[in-house]
Amino acid sequence: MTAASLDADARGVDGNGSEARPERWAGVFAMSLCVFALIASEFMPVSLLTPMAADLGVSEGVAGQGLAISGAFAVLASLSVASLAGRRDRKALLLGLTALMCLSGGIIALAGNFATYMAGRALIGVVVGGFWSLSAATTLRLVPTSKVPRALAILNGGNALATVLAAPLGSYLGSVVGWRGAFFCLVPISLLALVWLWISLPALPAQGQATRNANPVRLLRVGRVALGMLAVGVFFSGQFALFTYLRPFLETVTRVHAAQLSAILLVIGVAGLAGTLLIGAVLKHGLYRTLLAAPVLMAVTAVGLALSGTAVLPVTGLLAAWGFVATATPVGWWMWIARTMPKDAEAGGGLMVAVVQLAIASGSTLGGVLFDHHGHLGTFIASAALLLASALLVFVTARADRRSGAR
């Protein structure tokens with residue numbers, strides 16, 4: 001099989017004259033702003049755990065469970081949003097989820113006890129699962145088919161930008177206005193996103209396929225979908241088996257000081273933003289080749305980190321490459337959803353969100369066990385093995401897609 005045969009064109013996704021669809025880029029950028037606020041809200045506690053724990057009267061470990069509960073509710077929401085949405089206008093759903101994000105920020109900032117804080121975190125988990133599940137299907141309806149890769153890259157650009165800014169910005173705001181003030185700062189951003197969405201999105205009535213058989217799990221009966229979801233899961237498990245433990249690796253193996261650590265994390269984030277901005281053009285020339293190459297490059301990077309972990313400059317360069325590829329790759333998988341399930345993008349998006357959330361949890365758990373018992377070598381080699389397994393699964397998925405006649 002040649003490299004070219006691995007890819008089917010992204011043209012003609014729905015076959016219903018989508019090329020004539022008006023371009024609503026303001027809506028795409030509004031959704032990207034929502035993603036920025038959403039990801040910042042989800043991960044800001046990482047840089048604020050110490051003051052939050054002290055103020056709420058719990059340990060840092062207990063305070064960190066806020067991340068776990070948001071992930072759990074994201075899985076539940078992603079698997080149920082397509083069924084619960086029914087025939088409701090998708091614009092109204094997106095506006096409702098964005099309003100819920102505003103409410104969550106206010107609840108967390110005003111939380112007088114740990115239970116209230118956890119309730120706010122549960123709400124942000126619902127928004128994560130619901131919004132991401134609807135994002136690919138909505139993007140398909142905002143731009144012509146040929147512009148979908150670019151639109152998905154812009155959408156994921158909000159994710160990349162939040163990844164760059166959330167932790168350092170949260171830390172800075174926490175030192176200036178306190179952890180409650182830091183969360184309050186996200187509320188006006190969420191409100192701005194809400195207004196922009198209301199103005200820029202057209203009416204998005206439910207489409208026929210979205211209202212029937214909305215259970216995402218049923219999609220696993222299709223061979224190439226099951227294989228692709230397995231590839232997604234293994235990819236994110238491999239990524240987060242390593243990425244979750246970058247900080248202890250850099251502090252204990254590379255032995256960087258605080259300023260160097262911040263600089264390296266910034267390099268990773270900036271490289272990821274650059275990769276996200278560039279991947280749209282790459283995807284137009286080969287979806288499966290891109291999805292196959294990404295985990296291979298990351299596996300090579302993981303091995304390189306394992307072998308050169310004590311040298312600051314090589315480690316920084318390798319992590320820049322990691323960030324460039326890892327942050328951009330989800331755009332490719334969203335494109336895969338759009339191309340493989342154009343009439344089932346809501347259910348497919350919900351299924352992928354659930355798979356990704358479970359993969360992140362399992363990958364970080366595996367990485368932690370290996371890091372405790374075998375150090376960074378065990379963790380990084382396991383990450384490389386999982387990433388290579390993901391590449392193999394992408395190859396098998398591409399063959400199944402080709403056999404099915406999918407284009």
Side-chain angles (χ1 to χ4, degrees), residues 13 18 21-43 74 77-78 81-82 85 88-102 104-105 124-145 147-166 186-207 210 272-273 276-277 279-280 283 327-328 330-338 342 345-346 348-350 352-353 356:
V13 168
S18 65
R21 183 183 299 128
E23 299 182 18
R24 300 183 183 274
W25 290 105
V28 175
F29 280 101
M31 290 186 63
S32 183
L33 179 62
C34 281
V35 169
F36 171 82
L38 180 58
I39 299 303
S41 299
E42 185 180 11
F43 291 107
S78 65
V81 66
R88 294 178 181 86
D89 188 290
R90 271 38 183 174
K91 177 179 179 178
L93 287 174
L94 290 169
L95 291 175
L97 288 167
T98 308
L100 196 62
M101 178 167 57
C102 300
S104 169
I124 203 65
V126 171
V127 181
V128 169
F131 193 93
W132 277 117
S133 298
L134 296 171
S135 62
T138 302
T139 303
L140 283 172
R141 300 172 69 178
L142 294 178
V143 297
T145 301
K147 303 293 180 64
V148 168
R150 180 186 173 195
L152 289 173
I154 291 171
L155 180 71
N156 207 61
N159 179 15
L161 187 60
T163 303
V164 174
L165 296 178
L186 292 173
V187 175
I189 298 175
S190 301
L191 286 172
L192 176 61
L194 176 63
V195 173
W196 196 3
L197 279 178
W198 178 64
I199 294 172
S200 62
L201 286 184
L204 297 169
Q207 296 177 319
L273 181 59
T276 301
L277 294 175
I279 194 172
L283 289 171
T327 309
V331 179
W333 281 113
W334 282 114
M335 186 63 207
W336 176 77
I337 290 285
E346 285 185 9
M352 192 168 83
V353 171
V356 169

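In this chain, numbering begins with 1 at the start of the sequence shown.
- Remark: side-chain polar atoms of Asn159 are not paired, donor with acceptor, to backbone N or O of Thr327 under 3.5 angstrom.
- Nearest approach of Ala151 to Val143, heavy atoms of both residues: CB-CG2, 3.8 Å.
- Side-chain contact between Val35 and Phe131 is present, with at least one heavy-atom pair separated by less than 4.5 Å.
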What do the steps show when you test Val148 against Trp334 for side-chain contact (heavy atoms from CB on, under 4.5 Å), and what is the final call? CA-CA 10 Å; Val148 168; Trp334 282 114; over 6 Å; no

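- Here the closest heavy-atom approach between residue Val187 and residue Gly105 is recorded as CG2-C, 4.0 Å.
- Pairing each heavy atom of Val353 with each of Ala74, the nearest pair is CG1-O, 4.4 Å.
- Proximity of Pro205 to Arg141: side-chain heavy atoms (C-beta onward) are separated by under 4.5 Å at one or more points.
- Atoms CG and CD1, on Leu194 and Ile199 in that order, are 10.0 Å from each other to the nearest 0.5 Å.
- With rounding to the nearest 0.5 angstrom, the CZ atom of Arg150 is 13.5 Å from the CG atom of Leu155.
- Interatomic distance, SG of Cys102 versus CD1 of Ile189, reported as 10.5 Å (0.5 Å rounding).
- Counting only heavy atoms from C-beta outward, the side chains of Leu152 and Leu283 never approach each other to under 4.5 Å.
- For the pair Ser32 (side chain) and Gly158 (backbone), a donor-acceptor distance under 3.5 Å is present.
- Annotation for Leu201 and Lys91: closest pair O-NZ, 2.8 Å, computed over non-hydrogen atoms.
- Other residues, nucleotides and ligands place more than 12 heavy atoms under 6.0 Å from the CH2 atom of Trp25.
- The two atoms that bring Leu97 and Gly130 nearest to each other are CD1-C, 3.6 Å, heavy atoms only.
- Pro202 is listed as a side-chain neighbour of Leu142, based on a closest heavy-atom distance under 4.5 Å.
- Here Cys34 contributes atom SG and Leu94 contributes atom CG; the two are 7.5 Å apart, rounded to the nearest 0.5 Å.
- Under a 3.5 Å cut-off, the side chain of Ser41 and the backbone N or O of Ala37 do form a donor-acceptor pair.
- Classified by interplanar angle (parallel below 30°, tilted 30° to 60°, perpendicular above 60°), the ring pair Trp336/Trp333 is perpendicular.
- Interatomic distance, CG of Leu38 versus OG1 of Thr98, reported as 8.5 Å (0.5 Å rounding).
- Closest approach of Trp196 to Phe29, counting heavy atoms only: CH2-CB, 3.6 Å.
- Rounding to the nearest 0.5 Å gives a distance of 10.5 Å between CD1 of Ile337 and CG of Leu140.
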